[in-house]
Amino acid sequence: MTNQDIRCRFAPSPTGYLHVGSARTALFNWLFARSVGGTFVLRIEDTDGDRNRPELIEVIFDELRWLGIDWDEGPFYQSDARDRHRQVVTDLLVAGRAYLEDSDKNLVESTELLDAHAVRYRVPKDQTVTFNDAVRGEVSFETNDLEDFVVWRSNGTPTFLLANAVDDADMGITHAIRGEDLLSTTPKVQLLMHEIGATPPTYGHLPLLVNEQRKKLSKRRDDVSIADYRTRGYLPEAMVNYLALLGWGPDDDIEIRPIAEIVAKFDLSRVNKAAAFFDLKKLDHFSATYIQNLATDAFVAQAMPYLQADDRWPAEAVDSALVSEFAPEVQKRVAKLSEVPDWYDWIFLDTVEIEEKALAKGLQKAKSADQVLDGVIAAFADCPWDEDVLNQTVRDVGDALGVKSAGPVRVAVTGKMGGIPLYGPLVRLGREKTIDRLRAAREYI
RNA sequence: GCCCCGUUCGUCUAGCGGCCUAGGACGCCACCCUCUCAAGGUGGUAGCACGGGUUCAAAUCCCGUACGGGGUACCA
């Protein structure tokens, strides 16, 4: 088999939104396929009729595309192979390799029986199922530890075990890369594959992604929806880069790098075996770095929707030229796009509300803040409205009083203790609004 | 309970018998820069779970113990 013959797949079941664990599995399959020049197949495992939510299928595709994970074949739907699955179960029953649950009949005398009875596979005794896992090495199970498992539900649908085995065989999948939570289902699936005369693919079980409690990430408990990260304005490149480093690391210690390099470096056999904690702090660092490296225009284009959607001001109030002017300063300060508006708010707002701690620390407790504001108000009344002049003017007022003067001014004008450099935006804000804010703040002291 | 898997700084990882008095990154701390907050720069903090082997030599190989996790559904 050459690398071009390698076929792997991502096979999600549409029972929920795409979450980071699934996305990581999809990514590793994709990285593996791309790194060896093989084929990446997308298959939707929609056999569980009750828990299926068809409306989520498109959403899953959309999230994959957003992440830049493209597929070469598919999407295929497991439900389309229903007849094939039914035939396999029937063959198993006829051959005596499986039996109907809650029924005396050993054979399928009428196919209707398959709509009312579950079917269990007759697990052979005294066998050892051994396979060479691409990431964990040799793993083996005794069939005597396996119960006769259900391959067909009484509602007339195949279970994951059967559908997965049949589909992987029929689609010529050579490598099944999936989460470690599926490791113990492997012997069952392999047994079924042998029953239908197929050669099982090479399995590669990825270490689980876990939370602080070291438990498998769960949709209920943990914050794991890819869609949520997207909404919050994480860049997909950062997300993918970070995800690629969970359970794997390049040998040259370079972490933040283009996906093409990751593809070139990726090696399935070097994937780790131990569970990995999904660390939001590190993701933020990756995202911040990617945002910082964005060209100004690209950053502005991506940030505009977040600015326009902010309900503190009308969308029309967001002037892209103005956004652009201070973009480089904002880029250095955000980890995700949803944080952007808070760095610009004081520029778009007519009046600002002074934050509680800024009021206390920056104004009321600041030394001579009242005199600073009085001095600046007076000086700003007729000085040239220029960045350098404003800067120097505030300094002079402070020097005359022997205190640091920029703090109170910043709090008065922006309502916050910290922010992007003050004087450039002040020029754009204008003399009138600036002085109004200084006067308003003066009242609080 | 039973089966399976795992264990390098707090976290993600490099390491695949000598290059390791264990490297990088995030975080944290300090300093520099600075109108603030950041960014950036510099430095620091902290780890091979434990016990036995094998070997001239072990983070790396083997066995055991402890701890953690996954599975044990007519979910996947």
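Proteins get letters first, then strands, A, B, ... in listed order; numbering begins at 1 in each. In this text, all values refer to a predicted model and were calculated from it rather than measured experimentally.
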Which part of the nucleic acid, if any, lies within contact of [X], taking any heavy atom under 4.0 Å across all strands shown: a base, the sugar-phosphate backbone alone, or nothing?
X        : value
A:Gly179 : nothing
A:Leu246 : sugar-phosphate
A:Thr414 : nothing
A:Gly419 : base
A:Ile256 : nothing
A:Val394 : nothing
A:Trp152 : nothing
A:Gly418 : base
A:Gln292 : sugar-phosphate
A:Ser13  : sugar-phosphate

More than 12 heavy atoms of other groups within 6.0 Å of [X] [atom1]:
X        : atom1 : value
A:Glu55  : CD    : yes
A:Phe348 : CZ    : yes
A:Lys404 : NZ    : no

I'd like the [atom1] distance from [M] over to [N], given in whole Å.
N      : M      : atom1 : result
B:rC48 : B:rG43 : C1'   : 25 Å
B:rC56 : B:rG51 : C1'   : 23 Å
B:rG18 : B:rA59 : C1'   : 13 Å
B:rC50 : B:rU8  : P     : 11 Å
B:rC16 : B:rG10 : P     : 23 Å
B:rA46 : B:rC9  : C1'   : 5 Å
B:rU54 : B:rG64 : C1'   : 15 Å
B:rU21 : B:rC26 : P     : 26 Å

Rounded to whole Å, how long is the line connecting atom [atom1] of [X] with atom [atom2] of [N]?
X        : N      : atom1 : atom2 : result
A:Lys273 : B:rC12 : NZ    : C1'   : 17 Å
A:Arg178 : B:rC5  : CZ    : P     : 15 Å
A:Asn144 : B:rU72 : CG    : P     : 19 Å
A:Tyr121 : B:rC74 : OH    : P     : 17 Å
A:Arg24  : B:rC12 : CZ    : P     : 12 Å
A:Glu101 : B:rA73 : CD    : P     : 12 Å
A:Leu100 : B:rC74 : CG    : P     : 15 Å
A:Glu147 : B:rG71 : CD    : P     : 14 Å

Inset, instruction - Mind listing the closest non-hydrogen atom pair of A:Trp346 and A:Arg437 along with its distance? - result: O-NH1, 2.9 Å
Legend entry - Closest non-hydrogen atom pair between A:Val334 and A:Glu339, with its separation: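 Shortest heavy-atom contact: CA-OE1, 3.3 Å.
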Under 4.0 Å between a side-chain N or O of [X] and OP1 or OP2 of [N]?
X        : N      : value
A:Arg120 : B:rC74 : yes
A:Asn272 : B:rA14 : yes
A:Thr47  : B:rA76 : yes

Among [options], find the nucleotide with the atom closest to the side chain of [X].
X        : options                : value
A:Asp181 : B:rG71, B:rU36, B:rU7  : B:rG71
A:Ala274 : B:rG6, B:rC12, B:rA76  : B:rG6
A:Val150 : B:rC74, B:rA76, B:rC35 : B:rC74
A:Arg410 : B:rU36, B:rC74, B:rA76 : B:rU36
A:Asp145 : B:rC74, B:rC3, B:rG15  : B:rC3
A:Pro421 : B:rG71, B:rC35, B:rC74 : B:rC35
A:Asp251 : B:rA38, B:rC12, B:rG15 : B:rG15
A:Arg333 : B:rG71, B:rG6, B:rC37  : B:rC37

Inset, instruction - Would you sort out whether A:Arg232 and A:Asp223 count as a salt bridge (Lys or Arg N to Asp or Glu O under 4.0 Å), showing the intermediate values? - result: CA-CA 12 Å; A:Arg232 275 181 268 170; A:Asp223 201 5; 3.2 Å; yes
Inset, instruction - If a protein heavy atom is under 4.0 Å from the base, mark B; if only from the sugar-phosphate, S; if neither, -; do that for nucleotides 24-34 of chain B going 5' to 3'. - result: BBSS-------
Inset, instruction - State whether A:Arg312 and A:Asp310 are salt-bridged, where the test is any N-O pair (Lys NZ or Arg NE/NH1/NH2 against Asp/Glu carboxylate O) under 4.0 Å. - result: yes
Inset, instruction - Would you please indicate if the ring centroids of A:Tyr229 and A:Phe286 are separated by under 6.0 Å? - result: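 Judged by ring-centre distance (under 6.0 Å), A:Tyr229 and A:Phe286 do not meet the cut-off.
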Inset, instruction - Establish, yes or no, whether a centroid distance under 6.0 Å links the rings of A:Tyr242 and A:Phe278. - result: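 Distance test on ring centres: under 6.0 Å, yes.
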Dump every N/O contact between nucleotides 66-69 of chain B and the protein below 3.5 Å, one line per pair.
{"unit_1": "B:rG69", "atom_1": "OP1", "unit_2": "A:Lys215", "atom_2": "NZ", "d": "2.7"}

Inset, instruction - Please state whether the base of B:rC3 and the side chain of A:Ser184 form at least one donor-acceptor pair under 3.5 Å? - result: no
Legend entry - B:rU72 pairs with, by Watson-Crick or G-U criteria that keep both distances under 3.5 Å: B:rG1
Legend entry - B:rU42: pairing nucleotide in any strand, Watson-Crick or G-U under 3.5 angstrom: B:rA30
Legend entry - Residue whose nearest RNA chain B nucleotide is more 5′ - A:Leu182 or A:Pro250: A:Pro250
Legend entry - Side-chain heavy atoms of A:Asp399 within contact of A:Ser405, under 4.5 Å: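 Side chain of A:Asp399 against side chain of A:Ser405, heavy atoms only: no contact under 4.5 Å found.
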Legend entry - Side-chain heavy-atom pair A:Pro124, A:Arg97 within 4.5 angstrom cut-off: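 Contact flag for A:Pro124/A:Arg97 side chains = yes.
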Inset, instruction - Could you tell me how the ring of A:Trp248 sits relative to the ring of A:Phe266: parallel (under 30°), tilted (30 to 60°) or perpendicular (over 60°)? - result: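 Ring orientation, 0 to 90° scale: tilted.
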Please output the side-chain donor-acceptor pairs of residues 354-371 of chain A that fall under 3.5 Å, not counting sequence neighbours, one pair per line with the distance.
{"unit_1": "A:Gln364", "atom_1": "NE2", "unit_2": "A:Tyr444", "atom_2": "O", "d": "3.2"}

Inset, instruction - Could you go through the salt bridge (Lys or Arg N to Asp or Glu O under 4.0 Å) check for A:Asp222 and A:Lys216 one step at a time? - result: CA-CA 10 Å; A:Asp222 307 303; A:Lys216 179 169 82 159; over 6 Å; no
